[in-house]
Every structure is written in structure tokens, then in C-alpha cells.
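Every chain is numbered from 1 and lettered A, B, ... according to where its sequence line falls, protein lines coming before strand lines.
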Amino acid sequence: MATEDNEVEDHRPLVLIHHLPSFKLPLQDRLITHFRLFDSLASPEASSVRALICVGPTPVTADNLDHLPSLRLVVGSSAGLDHVDLAECRRRGISVTNSGDAYSENVADYAVALLLDVLRRVSAADRFVRSGLWPQMGEYPLGCKLGGKRIGIVGLGSIGSEVAKRLVAFGCTVAYNSRNKKPSVLYPYYANVHDLAVNSDVLIVCCALTNETHHIINKDVLTALGREGVIINVGRGALVDEKELVQFLVQGEIGGAGLDVFENEPNVPKELFALDNVVLSPHLAVSTPESFEALNELIIANLKAFFSNKPLLSPF
Amino acid sequence: MATKEERPQVLENREEPKEEGELPLVVVLRSKNFNLPLEDRLQSHFHLLDPNDSPDESTESFLSRHAHSARALLCVGLTPLTADTIGLLPSLELVVGSSAGVEHIDLHECRRRGIMVTSASAAFSEDAADYAVALLIDVLRRIAAADRFVRGRLWPVKGEHPLGFKLGGKRVGIVGLGNIGSQIAKRLVAFGCSIAYNSRKKKPSVPFPYYANVGDLAANSDVLIVSCALTEDTHHIINKDVMTALGKEGVIINVGRGPLVDEKELVQFLVRGEIGGAGLDVFENEPDVPKELFKLDNVVLSPHCAVVTLESFAALQDLVMANLKAFFSNKPLVSLVQNE
């Protein structure tokens with residue numbers, strides 16, 4: 001049990017920071033007050049460590065787990081857990097926590113921002129002005145109003161709900177698809193994404209990436225959404241069949257897209273760079289100092305709960 | 001002669017068009033190259049007098065000859081309506097504006113003559129509000145900058161990309177809580193912002209805190225959104241003092257008129273990092289935009305298009321028609337500008 005008193009012996013529990021070389025845990029220094037940290041699977045401490053923090057998309061594989069025989073907890077630091085072998089964790093009795101609500105508002109803000117940007121051409125307008133074209137060309141193309149649009153949310157979890165709440169304030173209508181219908185939710189439910197697409201002007205993808213949701217936005221769904229349709233993806237790149245989406249966009253068979261994630265980050269299909277009805281972003285939907293603070297507090301709280309045998313705050 | 005086949009396809013118009021001789025006269029004031037698609041719909045209901053139809057003749061001469069008994073005038077876009085022009089229209093009782101603001105219309109002269117003025121801001125308010133919010137999130141979360149970063153092929157180059165800031169919890173000060181300002185407030189509340197405002201007068205039915213002057217509003221805000229009308233009193237309402245009061249992290253969004261902000265000062269503040277950022281749809285001398293802004297990533301620029309959507313133009317047509325029809329049937333006007 002970690003205590004706040006200054007004692008001669010170090011009672012801080014041991015925690016592994018599991019990270020790919022290019023990924024750093026924000027605010028890691030704050031953890032040192034509470035926990036003893038190390039970051040290599042090759043260290044002798046790997047055999048006794050009971051909890052690890054998984055930084056960003058660093059994979060947690062069966063092989064990793066073989067080196068961590070005492071492990072009982074994986075603390076995720078990202079909104080998604082598709083990089084963690086959840087089946088293997090379950091098999092070994094290892095609990096997993098995710099980022100809970102720490103990111104939901106930020107991602108929802110970002111999804112709405114991308115949608116507004118695509119419909120009202122904000123980034124394109126900014127480019128237009130910065131390139132000095134305004135005095136020459138005068139007129140700027142019409143945008144599309146956001147109010148009245150039918151929004152289809154794919155995945156009505158904590159992020160999807162925050163997105164819905166915001167868009168209702170703009171005068172949009174909301175419908176959704178989820179693994180299961182949610183009885184307490186008043187928005188119309190569609191059991192499959194195709195039907196949701198048929199009845200929507202915009203699809204916002206906020207669901208988790210699993211085997212079932214891989215390429216959940218496919219050619220069929222894009223066709224159903226229609227020529228004026230807009231896709232916003234703040235989930236994972238692989239939720240969308242990117243090759244198909246690029247074709248649809250290039251051929252003008254869909255209205256536009258706002259994309260924060262891609263199938264093969266940081267590579268972005270170059271065909272998109274020429275399009276004004278697309279807004280591109282380098283996987284930043286969660287990233288603000290405020291959300292990193294919130295995440296840090298959540299990580300500490302989950303670890304403290306674990307080490308005191310109390311219920312975890314954001315179990316997956 | 002308005003016949004059945006000339007009747008517009010819009011189904012709401014159920015009245016029988018009158019013979020042309022009976023159609024009310026409406027003067028149309030527009031600059032030559034400004035073509036709003038309003039005129040087709042209007043022609044079935046009104047006899048339009050447009051000086052541009054007589055290009056060899058001056059406006060003064062045209063109006064003197066034809067518009068003596070015209071009771072209504074449609075002001076298209078931002079074409080100025082001066083006291084001189086008003087002077088040529090002795091029967092004028094109504095000016096119908098077709099833009100969000102009315103500062104290009106000589107309101108003093110209208111008041112003096114007892115001429116009513118309607119504005120079109122209600123047709124545009126939702127789109128303007130959407131755009132103000134879009135600019136704000138774009139500045140805070142650096143969306144246009146991120147898009148530039150990706151399009152510039154910088155992402156694979158693993159650079160540190162500066163973080164944006166969360167919108168929720170920000171204290172937003174709205175300068176001018178009219179149609180547009182209220183719509184902005186409604187949206188930002190859903191994002192978890194707190195709202196305060198400044199207006200000519202406190203509005204008793206509004207739940208948000210009121211500040212009698214913009215400096216105090218700025219001192220208590222993280223963001224200022226300028227959505228008020230441009231008048232003599234509001235020229236440069238956002239000045240050096242206000243920007244200083246707003247502070248180094250402060251963000252200014254202007255979807256009103258360029259001269260509401262002291263642009264020279266704002267540019268200095270931005271260039272020196274003495275203010276957090278800005279989203280600007282309007283400028284003091286459009287289409288000229290201070291070039292110093294082009295290098296800044298905490299600024300989002302746009303070519304005066306906050307109201308420009310298909311839907312708002314359709315709403316504009318409806319509103320103009322509604323005001324004119326109401327006037328000629330002696331019914332209350334839909335969007336009368338109240339003179340205080």
C-alpha cells in the first residue's frame with residue numbers, strides 16, 4: 001500500500017512503463033511520488049511487477065505477458081485498446097483499464113470541429129486567404145449549413161454521447177448504431193451501419209476497433225451515405241476502408257471527410273492533399289494539456305485502487 | 001404580366017399574382033455586378049424598379065423619373081443607401097435590408113423621415129453562429145494548422161506538434177447578444193463553456209452574467225466573440241485596452257465587421273505573442289488581410305463567408321418576401337430594426 005508519509009523504507013509499489021521508443025507518457029514525473037517505475041522487459045524486476053502502464057499504442061502481446069508472470073493489471077493510456085491482446089489478458093486473469101472519460105469531451109469537440117470545418121470549409125477558406133487569392137478571386141464557394149443535418153453516430157459510447165449532445169445544440173438530429181440498442185437513449189437506433197447510413201447525411205465514427213468493427217465503413221456504407229454524405233473518423237484508421245474512401249472522395253461520390261486517424265499512420269494517402277472537401281489531422285483528437293492532466297489522475301487513481309484491493313475506476 | 005407559369009416553384013406562395021399594373025412598386029438598390037437570386041421570386045409579386053436596367057441613365061435620373069410613388073426599397077448586399085438617395089424617394093416608407101448588418105444604410109435619415117428598416121440577420125444567425133464556433137474550436141484545437149501540417153507532408157517527419165486547448169470550461173464573453181450572439185451562446189453551453197456578455201443594455205430574460213463595458217467582460221473571459229452591429233459607438237470596440245485585459249492566453253473571434261476590432265493593434269498583439277490567438281472572418285479593409293497573419297498558426301482567417309450557405313440564402317429570400325408582403329398588406333413586419 002502506498003502511503004503519503006515520509007518513511008525510510010520505500011513502500012511505493014512497482015510499476016512497469018511499457019512503451020515503444022517513440023512514445024512518452026505525458027506527465028510521467030507525477031507518478032514518481034506514488035510508484036517506483038522501470039521501463040524494460042529485460043529488467044529483473046519484470047518477474048515481480050504486478051501492474052504496467054501501456055503508453056499510447058504500444059502493443060501488449062502474449063509474448064510480452066510471458067515475461068511478466070506476476071502481472072495482474074494493464075493500465076491503458078489511450079481511448080482505444082485494440083493494441084492490447086485482450087483475450088490473452090482475460091485468459092491470464094489480468095485486468096485492463098482504459099482512459100475512461102478523460103478524453104471523451106476532447107474527442108467530441110474535435111469531431112464536431114472536423115465536421116464544421118468540412119461543411120463550412122474553414123481550413124480551405126484559411127488556405128484561400130493565406131495564399132493571397134481573396135483579392136483576386138473575390139467570391140468564395142458556398143458552404144453547407146450544419147443545422148438540420150441528420151447525424152449518424154457509429155458507436156454511442158462516452159465519446160459518441162458527447163458528440164450527440166453538442167450537435168443537438170446546433171439543431172441537428174441524431175441517430176446511432178451500437179453493438180446493442182441502449183434502452184435509456186432517446187435517439188433512433190439502427191441495428192446495422194448500412195441502414196444508419198441510408199438515413200443520415202453525416203456519419204461520425206467513434207467506436208472501438210475490434211475484429212467485428214474492422215472496415216465497418218466499407219464501400220456499401222459509403223454508397224448508402226450518398227454523394228452529399230460526410231464521414232468523420234475520430235476512432236481508428238482501420239474502422240474505415242481507406243482505399244475505398246479515397247476513391248469515393250477523388251471521384252466525387254461522397255461529399256467530404258474529416259479524418260484524424262488513418263490505416264497506416266503517419267502515412268496519409270496523397271490523393272487527399274489536393275481535395276478541399278477533406279480536413280486532415282495527425283491523430284490529435286485527444287491531445288490537450290487538460291486531457292493529459294485528467295488521464296494522469298485517472299492512471300494514478302486506477303493504480304492506487306489496484307494496490308489497495310479496491311475497485312478499479314475505469315475497467316474495460 | 002405574372003402568369004401561372006411564371007409563378008415561382010415554391011409551394012408556399014398561394015396568393016394569386018396581380019396584374020402588373022396593380023403590383024406594388026419596389027425600388028431595388030444594388031451594385032452592378034452584385035446578383036442575388038432574389039429578383040426572380042420578387043418579380044411575380046412586385047414591380048421592380050432597378051436603376052441597373054437603365055444603364056445609360058444615372059441612378060438619380062432613373063429614380064426621379066420612375067420611383068416617385070415607390071413606398072419600399074430593397075437594398076441588395078452591402079450597397080450603401082445614403083441620405084441623398086433617400087432624398088430622391090419622397091414616398092419611401094420601408095427599407096428592406098438583405099444582409100446581416102444594416103450599417104450601410106443611413107439609419108439617422110430613415111429615422112428622421114419615419115422610414116422603417118428591416119434586417120435579414122434572422123436568416124443568417126444560425127450559420128453565423130455555427131461559423132463563430134467553428135473558428136473558435138479551430139483556433140483552440142489548431143485544426144487548420146494541423147491540416148496544413150499534414151498536407152505539408154510534415155507528419156512523417158515526426159515533429160512535435162503543439163497541443164491545442166480544451167474548449168470546455170472556457171469563459172466565453174460575447175460582445176453583442178443579439179440573434180447571432182444568442183445562438184453562439186446556446187451552442188457553446190453544450191460544449192461546457194460558461195457565458196457572459198456585453199450589450200448596449202442588460203437583457204433581463206437572459207441567464208448569463210452581464211458586464212456593462214467590454215473591458216470588464218474581457219478581464220473575466222478567456223475568449224471574446226464579437227457579434228455586435230457596427231455603429232459609431234462600436235467602432236474599434238475591441239481596442240488595445242480590451243486586448244490587454246483579455247490577456248496572453250486570450251482568443252478573439254470576429255464574425256461581425258472588421259472595424260469592430262482595432263486591426264493594427266490586434267496584429268501587433270498577435271505577432272508579439274501578447275494574445276493567445278484569433279479567428280477572423282472580417283477585416284477593416286477587405287479583401288486585404290494583414291500579411292503578418294499569414295505566418296501565424298494560432299490564427300484562422302476566412303474571406304467574409306460566415307453566413308454563406310445555400311440554406312441561409314434560401315432563408316434570406318423567404319425573409320425578404322415575408323417583410324415585403326407584410327408591409328403591403330399592412331401587417332406587422334417580420335424583422336423590423338428597432339431604433340433605440
> Is any NZ, NE, NH1 or NH2 atom of the basic residue among A:Arg150 and A:Asp201 found under 4.0 Å from an Asp or Glu carboxylate oxygen of the other?
Replying inline: yes
Honestly, the part of B:Val289 sitting under 4.5 Å from a heavy atom of chain A is side chain
Looking only at B:Glu311, B:Lys186, B:Arg151, most heavy-atom pairs under 4.5 Å shared with chain A are made by B:Arg151
Scored by heavy-atom pairs under 4.5 Å with chain A, the best of B:Gln183, B:His304, B:Glu286 is B:Glu286
Under the 3.5 angstrom rule, does the side chain of A:Tyr176 hit a backbone N or O of A:Gly160 as a donor-acceptor pair?
no
Of B:Asp130, B:Leu140, B:Ile137, the largest count of non-hydrogen pairs under 4.5 angstrom with chain A goes to B:Asp130
Applying a strict 4.5 Å limit to non-hydrogen atoms, the region of A:Leu272 in contact with chain B is backbone
Okay, B:Asp138 and chain A: the region with an atom under 4.5 Å from a heavy atom over there is side chain
* Are side-chain N/O atoms of A:Tyr110 and A:Ser287 paired as donor and acceptor at under 3.5 Å? -> no
Ranking A:Leu275, A:Leu119, A:Val168 by heavy-atom pairs under 4.5 Å to chain B gives rank one to A:Leu275
Between A:Val240 and A:Asn233 the two heavy atoms that sit nearest each other are CG2-ND2, 3.4 Å
Honestly, the part of B:Leu296 sitting under 4.5 Å from a heavy atom of chain A is backbone
Heavy-atom side-chain proximity of A:Ile151 to A:Ser200 below 4.5 angstrom: no
Looking only at A:Ser291, A:Ser281, A:Gly132, A:Ser123, the option with the highest number of non-hydrogen pairs under 4.5 Å against chain B is A:Ser123
Open item on the list: Under 4.0 Å between a side-chain nitrogen and a carboxylate oxygen: does that hold for B:Asp318 and B:Arg41?
Closed with: yes
State plainly whether the residues B:Arg171 and B:Asp222 are in salt-bridge range, i.e. N to O under 4.0 Å. yes
Honestly, the part of A:Val163 sitting under 4.5 Å from a heavy atom of chain B is neither
Cut-off 4.5 Å, heavy atoms of chain B, and the answer for A:Val122 is both
| said: Can you confirm whether B:Ile252 sits close enough to B:Phe269 that some side-chain heavy atom of one is under 4.5 Å from a side-chain heavy atom of the other? | reply: no
Bottom line for B:Lys291: the part with an atom under 4.5 Å from chain A's heavy atoms is neither
Would a 4.5 Å heavy-atom cut-off, applied to side chains only, mark A:Asp109 and A:Thr288 as touching?
no
Interface check, chain B: of A:Gly147, A:Gly171, A:Gly258, A:Cys144, most non-hydrogen pairs under 4.5 Å belong to A:Cys144
### Query
Does A:Glu293 come within less than 4.0 Å of A:Arg30, counting only side-chain N to carboxylate O?
yes
With chain B, the option among A:Gly148, A:Ser131, A:Ala125 that has the most non-hydrogen atom pairs under 4.5 Å is A:Ala125
So, the part of B:Leu188 with a heavy atom under 4.5 Å from chain A: the answer is neither
